[in-house]
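Have a look at the structure below before the remarks.
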Amino acid sequence: MKHLVFIGAPGSGKGTQAGKLVSEKNLKHISTGDLLRGEISKASDLGKKVKSVLDSGELVSDDLVIELIHANTDLDKFQYIFDGYPRNLAQAQTLDKQVLKDRPSLAVYFEIDLNKLVKRLTNRRTCKGCGAIYNLISQAPAKPGVCDKCGGTNLVHRDDDKEEVIKKRMDVFSQNTQPVLDYYKSTNRLMTVNAENSIEQLYQLISFRL
Ligand code: AMP
């Protein structure tokens with residue numbers, strides 16, 4: 001199987017699909033956003049450095065992100081889903097040249113009308129314990145405030161999922177993504193899926209084509 005590169009606006013469903021693929025296929029999920037939030041939670045030097053960047057909705061530096069990728073992957077052992085990386089053309093080229101080297105990869109673009117995402121993000125809650133993702137309207141946990149998967153009771157609304165930061169994140173996404181899509185398209189490695197499908201339909205679409 002190829003390494004997968006998930007490209008999509010915040011809230012387009014990348015993390016949810018990655019979670020499903022990991023539990024049903026032999027893949028590992030690496031989300032640069034999760035790694036960065038993990039550093040912030042630990043209050044590590046790196047976490048302290050990047051907190052204000054994440055809070056503003058801007059991107060952290062390419063060098064810092066590639067360091068995190070190198071430190072958290074073992075390409076000789078595992079097949080990965082890269083979620084939230086690459087975010088710009090330079091990162092896409094670095095992923096090919098310095099991380100994957102000659103290993104095959106396929107980019108999956110989660111296409112969706114950005115206007116529909118604000119509602120998804122303002123209602124998104126993430127389990128602090130296991131990372132499971134919920135939507136208070138369309139996919140609420142069975143028992144309010146309790147994670148279905150791990151039973152944890154810390155379902156949080158990410159700071160950067162607040163309305164004022166979401167707009168900035170969408171702008172950053174719109175400005176940087178087209179060159180990344182063109183790059184994968186020009187090398188015949190781009191698959192586009194309609195991310196307005198239900199979670200299950202989207203999963204079928206993606207897994208069918210792997
Ligand atoms: P995400 O969870 O993927 O939405 O990422 C949350 C935030 O982490 C982004 O708004 C950026 O500030 C930062 N981030 C995540 N991935 C990257 C990346 N590949 N390059 C730069 N910044 C990133």
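In what follows, every heavy atom counts, from backbone to side chain, and hydrogens, waters and symmetry copies are set aside. One-based numbering along the sequence shown. Atoms within each ligand, like the ligands themselves, are counted from 1 in listed order.
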Regarding Asp62 and Gln91, do their side chains bring together a donor and an acceptor under 3.5 Å, going by distance alone?
yes

Under the 6.0 Å and 45° cation-pi test, does Lys28 pair with Phe78?
yes

Under 3.5 Å: N or O atoms of ligand 1 paired with protein N or O:
unit_1	atom_1	unit_2	atom_2	d
ligand 1	2 (O)	Arg37	NH1	2.9
ligand 1	2 (O)	Arg37	NH2	3.0
ligand 1	2 (O)	Arg158	NH1	3.4
ligand 1	2 (O)	Arg158	NH2	3.2
ligand 1	3 (O)	Arg87	NH1	3.1
ligand 1	3 (O)	Arg87	NH2	3.2
ligand 1	4 (O)	Arg87	NH2	3.4
ligand 1	4 (O)	Arg158	NH2	3.3
ligand 1	4 (O)	Arg169	NH2	3.1
ligand 1	5 (O)	Arg87	NH2	3.1
ligand 1	12 (O)	Glu58	O	2.5
ligand 1	16 (N)	Thr32	OG1	2.7
ligand 1	16 (N)	Gly84	O	3.4
ligand 1	16 (N)	Arg87	NH1	3.3
ligand 1	19 (N)	Gly84	O	2.9
ligand 1	19 (N)	Gln91	OE1	3.0
ligand 1	20 (N)	Gln91	NE2	2.9
ligand 1	22 (N)	Val60	N	3.1

Using the six-membered ring of Tyr203, assess whether NZ or CZ of Lys20 lies under 6.0 Å from its centre and within 45 degrees of the ring axis.
yes

Listed partners of Ala9 passing side-chain contact (heavy atoms from CB on, under 4.5 Å), at least two apart
Leu114, Leu117, Met170, Phe173

If you look only at pairs with a residue in residues 82-107, which of them pass as a ring pair (Phe, Tyr, Trp, His ring centres under 6.0 Å), with sequence neighbours excluded?
Tyr80-Phe82

According to side-chain contact (heavy atoms from CB on, under 4.5 Å), who are the partners of Gln178, at least two apart in sequence or on a separate chain?
Leu181, Asp182

